[in-house]
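Have a look at the structure below, then the notes.
All figures in this text were calculated on a predicted structure; none of them were measured in a lab.
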Amino acid sequence: MATRPTSDRLRETLFNVLAPKISGARFLDLYAGSGAVGIEALSRGAAHVIFVERAPAALKALRLNLERLGITAGFEIYAGSVAGFLRSASSASPKRGPHEVVFLDPPYDAAEEYGATLRFLGGENLPPRSPNARDEGHPLLLSAPEAVVIAEHRRKDRLEDEYGALRKTRLLEQGDAGLSFYA
């Protein structure tokens, strides 16, 4: 119960909206939990999914779900915090990416994770750059100007309209949940 997987209905709504972007996309599933969203992305033709999760019980469920479904390729699992993954991805050479779709669904009781993660994805709080570095855009979204970032949250919790370079383009509400889309 602690993993709180995205409901089937909300996941279907999400992927109906994302349908034109999924085929061949690199998908980043932050706070992956049981992996339901990233696994759905793979089943709909995503080229690669990175699952980021730190909770041991959720990691166990994620690995078991992948195994039971016979999924053996097209994904990576990062067993650690989202902040740790973002720091390592932003300083890695070569950079990871581009990711055309980034989905985040932090535990609802960790409200501070939304702002911190979205600010980082929007280009704030990045490691200092050398003065001679070429501007290649955001390390996770570089060369993917059409990239979309989606945050699942409680319907009653409103996320900001802007986080750095990210701008909210859409809000979908269903039951007690909301999906905020950023580009």
Exercise for review: Look at the aromatic rings of Phe15 and Phe27 and report parallel, tilted or perpendicular, splitting at 30° and 60°.
Suggested key: parallel
Study note, to complete from the structure: Taking every heavy atom of Ser34 against every heavy atom of Asn65, the minimum-distance pair comes out as O-ND2, 2.9 Å
Check your understanding: What are the two closest non-hydrogen atoms of Leu118 and Leu166, and how far apart are they?
Key -> O-CD1, 3.6 Å
Study note, to complete from the structure: In short, Ala47 meets Gly24 closest at the heavy-atom pair CB-O, 3.4 Å
**Study point:** Between OG on residue Ser81 and CZ on residue Arg54, distance to nearest 0.5 Å
**Key:** 6.0 Å
Study note, to complete from the structure: Interatomic distance, CD1@Ile77 vs CG@Leu62, rounded to 0.5 Å, equals 4.0 Å
Practice item. In sequence, state the C-alpha distance, the side-chain angles, and the governing distance for Glu100 and Lys21, and then conclude on salt bridge (Lys or Arg N to Asp or Glu O under 4.0 Å). Key: CA-CA 7 Å; Glu100 291 85 8; Lys21 291 186 171 289; over 6 Å; no
Practice item. Just do the side-chain contact (heavy atoms from CB on, under 4.5 Å) check on Ser23 and Arg44 with the steps written out, would you? Key: CA-CA 7 Å; Ser23 184; Arg44 292 182 181 239; over 6 Å; no
Practice item. Please say whether more than 12 non-hydrogen atoms of neighbouring residues, nucleotides or ligands are located less than 6.0 Å from CG in Asp157. Key: yes
Exercise for review: May I ask whether Leu66 and Leu64 are part of the same hydrophobic cluster, defined by side-chain heavy atoms of I, L, V, M, F, W, Y residues being less than 4.5 angstrom apart, directly or through others?
Suggested key: no
Check your understanding: Roughly how far, to the nearest 0.5 Å, is CD of Glu113 from CG of Leu30?
Key -> 10.5 Å
Practice item. For residues Phe51 and Tyr78, establish whether the separation of their ring centroids is below 6.0 Å. Key: no
Point to revise | Side chain Thr117, main chain Tyr114, donor-acceptor under 3.5 Å | key: no
Exercise for review: Could you go through the side-chain contact (heavy atoms from CB on, under 4.5 Å) check for Val101 and Leu18 one step at a time?
Suggested key: CA-CA 9 Å; Val101 182; Leu18 292 178; 4.0 Å; yes
Point to revise | Note, Val52 side chain near Ile50 side chain (heavy atom, < 4.5 Å) | key: yes
Practice item. Tell me, with the steps shown, if Phe103 and Leu14 meet side-chain contact (heavy atoms from CB on, under 4.5 Å). Key: CA-CA 10 Å; Phe103 179 79; Leu14 169 66; 3.8 Å; yes
**Study point:** Exceeds 12 heavy-atom contacts within 6.0 angstrom, atom CZ of Arg9
**Key:** no
Check your understanding: Does Lys168 use its side chain to pair, donor to acceptor, with the backbone of Leu159 at less than 3.5 Å?
Key -> yes
**Study point:** Nearest-0.5 Å distance that lies between atom CG in Leu171 and atom CZ in Phe181
**Key:** 9.0 Å
Practice item. Using a 4.5 Å cut-off on heavy atoms from C-beta on, say whether the side chain of Val17 contacts that of Arg170. Key: yes
Point to revise | Shortest non-hydrogen contact from Arg154 toward Asp109 | key: NH2-N, 4.3 Å
Practice item. Would you check if Asp29 and Val102 make a side-chain contact, meaning some heavy-atom pair closer than 4.5 Å? Key: no
Check your understanding: Can you find a pair of side-chain heavy atoms, one from Leu42 and one from Phe75, that are under 4.5 Å apart?
Key -> yes
Review point. Does the pair Glu53 and Tyr31 meet the rule for a side-chain hydrogen bond (donor to acceptor under 3.5 Å, both in side chains), with working shown?
Key: CA-CA 5 Å; Glu53 179 57 60; Tyr31 311 91; over 6 Å; no
**Study point:** Flag side-chain contact, heavy atom, 4.5 Å: Leu179 against Leu10
**Key:** yes
Point to revise | Atom pair NE2 (His48) and CG (Leu28), whose distance is rounded to the nearest 0.5 Å | key: 10.5 Å
Practice item. Report yes if some heavy atom in the side chain of Glu12 is under 4.5 Å from a heavy atom in the side chain of Glu40; otherwise report no. Key: no
**Study point:** Pairing of Arg26 and Glu76 as salt bridge, 4.0 angstrom limit
**Key:** no
Check your understanding: Does the side chain of Tyr163 come within less than 4.5 Å of Val149's, by heavy atoms?
Key -> no
Revision key, fill the gap. Rounded to the nearest 0.5 angstrom, the OG1-CG distance for Thr169 and Asp161 is 10.5 Å
Check your understanding: Below 4.5 Å, heavy atoms only, C-beta onward: do Ile150 and Tyr182 meet side chain to side chain?
Key -> no
